[in-house]
Amino acid sequence: MIRLIDVHKEYDNGTKALKGINLRIDDGEFAFLVGPSGSGKSTIIKLLTGEISASQGRVIVNGYNLNNIRRWQIPHMRRTLGIIFQDFRLIEKKTVQGNLEFAMRTVGASGREMRKRIPYVLDLVGLDSKGDAYPNEMSGGEQQRVAIARALVNNPKMIIADEPTGNLDPRRSLEIMTLLERINAMGTTMLVVTHERDLVNRFSKRVVAIKDGELIRDGQGGYYRA
Amino acid sequence: MRRFNLGYFIKEGFTSIFSHGLMSFAAVCMIVACLIIMGSFSLLAVNVDGMLSQLEEENEFLAFIDEDYTESQISALMEQVRRLDNVGEVKYITRAQAKADYLKGHETEGLYVNLPDEVLRDRLSIHVVDLERFTETVEAVYALPGVVNYRAAGEVAEGFVAVRNAVTALAWVLIGILAAVSLFIISNTTRLAAFARREEIAIMKMCGATDGFVRWPFIVEGLILGLMGAIVAFFLQWAVYTAVSGALLKNGGSNLFTLMDFKLLWKRVLMIFLASGAAIGALGSGFAIRKFLQV
Ligand SMILES: Nc1ncnc2c1ncn2[C@@H]1O[C@H](COP(=O)(O)OP(=O)(O)O)[C@@H](O)[C@H]1O
Ligand SMILES: [Mg+2]
């Protein structure tokens, strides 16, 4: 779940990226966050992951109040999130399996837990035969599936994806979005940032639109026009 | 974190060391230099201390008697000395006896022609009761008429104390400088390692790694470098000490400057080296990794 209450963000250089955002996303929802480039989408994502903090207003993520969270609590908050980026951010010198183990080891999982969980998520993203492949041996769509598998592997409550299809052709983009929809159907809350209008319009989902740091539209199942 | 994954931290530490070998090598060399200098000065200090306590055990000094004194005057002087505070046994040694004693140890050296005057004087060998008041007692005896000179090991001991203090001060300055340089080099090594892995670190943080989890492999890396330095330094120190000790024995032969056997010292040296190496390594890398933990 996400609660943004009158959130402002001004960067150190004076850029006002967010100007009073109110947003509520409940557990189990699927929401697109759309808007033109520079409108503040990534700024919202960074606020949610604790990478930056709000200049004003309240930010609550999966029950953690990020306004007064302790530094040591941030890792625990992040473990409730799966984060996906446009550029995949896989470790090139590790195999698919290695990348997933890396993510699980980070939170202290045992070898037994890894052996149980990794085949399951690889199967879920359709890469059950690719465990030993290296990222650079794979297509962009496959790499993003690995990133999705990694986001899922620690069983998060919510997945946050910042332009996950930005580097992919329309067919792969659709596949990835369909995969995210399926994962949401299994119970994981989903917030997907994108500025690809056609893609958004193929799904009948909640669309939150921002422009110049302000929320301009928030509608269930609505189409999105720039 | 559910488990403390020691095997993982150690493996990561070693991998990192070999991925930037030159810097690691430089770091180890600096630590070795630092420890060797620290060790050499400390060993010198330990030996000087040893000599000091040896000297202090000889709670006896010699008072040389005026050449013009007669037997009866000497007897009177002995009485006077005995009555002094803090004086134990007093023994009269004639110059003939003294020379015979002296030559006994030096038959082969033909040095007797150059024997200093005092050696040829009649003297009193005086035992001091309380060592703490050694100098005070020597002065009281020297103040008596008829005592023209004295020789007290305690004096030598006092000279040694001055030397030791100077050596200790110099050692601390050098140790401070070298420790700072070692810390700096270790920090840079870690910084390099962390920079090379900044993407992995970012991914770890994104997946919810604690600061500790990110930090440990780097601390382990610093520890390994520090301990490697300590072990190399230990063997080098051993070799240097043995060589110096051997050279002293061959050239000097004077028992005042014989170094203690390394067998008596090696455990302490090794422990101190390992502890210092580990501390420098862990501190240096722990310090360097801090800024990579932001985000
Ligand atoms: N670290 C930063 N420092 C200063 N300005 C920034 C920073 N990050 C983003 N901005 C600015 O904030 C605004 C919103 O950026 P961003 O949230 O990245 O937009 P979007 O993801 O919607 O393209 C832009 O004007 C951008 O230039
Ligand atoms: Mg963006």
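Order of the sequence lines fixes the chain letters, A, B, ..., with proteins taken first and strands second; residue numbering starts at 1 for each chain.
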Using residues 220-242 of chain B as the side-chain source, report each donor-acceptor pair under 3.5 Å to any protein atom, sequence neighbours left out, with the distance given to one decimal.
from, atom 1, to, atom 2, distance (Å)
B:Glu221, OE1, B:Ser16, OG, 2.8
B:Glu221, OE2, B:His20, NE2, 2.9
B:Gln237, OE1, B:Ser40, N, 3.2
B:Gln237, NE2, B:Ser40, OG, 3.3
B:Tyr241, OH, B:Asn47, ND2, 3.0
B:Tyr241, OH, B:Met260, N, 3.4
B:Tyr241, OH, B:Met260, O, 2.8
B:Thr242, OG1, B:Trp238, O, 2.7

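Within a 6.0 Å radius of CG in A:Asp12, no more than 12 heavy atoms belonging to other residues, nucleotides or ligands are found. For B:Phe262, the CZ atom counts as densely surrounded, since its 6.0 Å shell holds more than 12 non-hydrogen atoms of other residues, nucleotides or ligands. Within 6.0 Å of atom CG in A:Asp132, 12 or fewer heavy atoms from other residues, nucleotides or ligands are found, so the atom counts as exposed in its surroundings. Annotation for A:Tyr11: atom OH counts as buried by contact number, over 12 foreign heavy atoms lying within 6.0 Å.
Here B:Phe273 pairs with nothing under the ring pair (Phe, Tyr, Trp, His ring centres under 6.0 Å) rule; sequence neighbours left out.
In this structure, the side chains of B:Ile203 and A:Phe102 come closer than 4.5 Å at one or more pairs of heavy atoms. Side-chain contact between A:Arg78 and B:Met206: absent, with no pair of heavy atoms (C-beta onward) separated by less than 4.5 Å. Looking at heavy atoms from C-beta onward, A:Arg71 lies in side-chain contact with B:Asp211 at the 4.5 angstrom threshold.
Across all non-hydrogen atoms, the minimal contact from A:Thr106 to B:Gly208 is CG2-C, 4.1 Å. Scanning all heavy atoms of the two residues, the minimum distance from B:Cys207 to A:Ala103 falls at SG-CB, 3.8 Å.
Residue A:Ile91 holds its CD1 atom at 4.5 Å from CD of B:Glu200, rounded to the nearest 0.5 Å. Residue A:Asp87 holds its CG atom at 8.5 Å from CD of B:Glu199, rounded to the nearest 0.5 Å.
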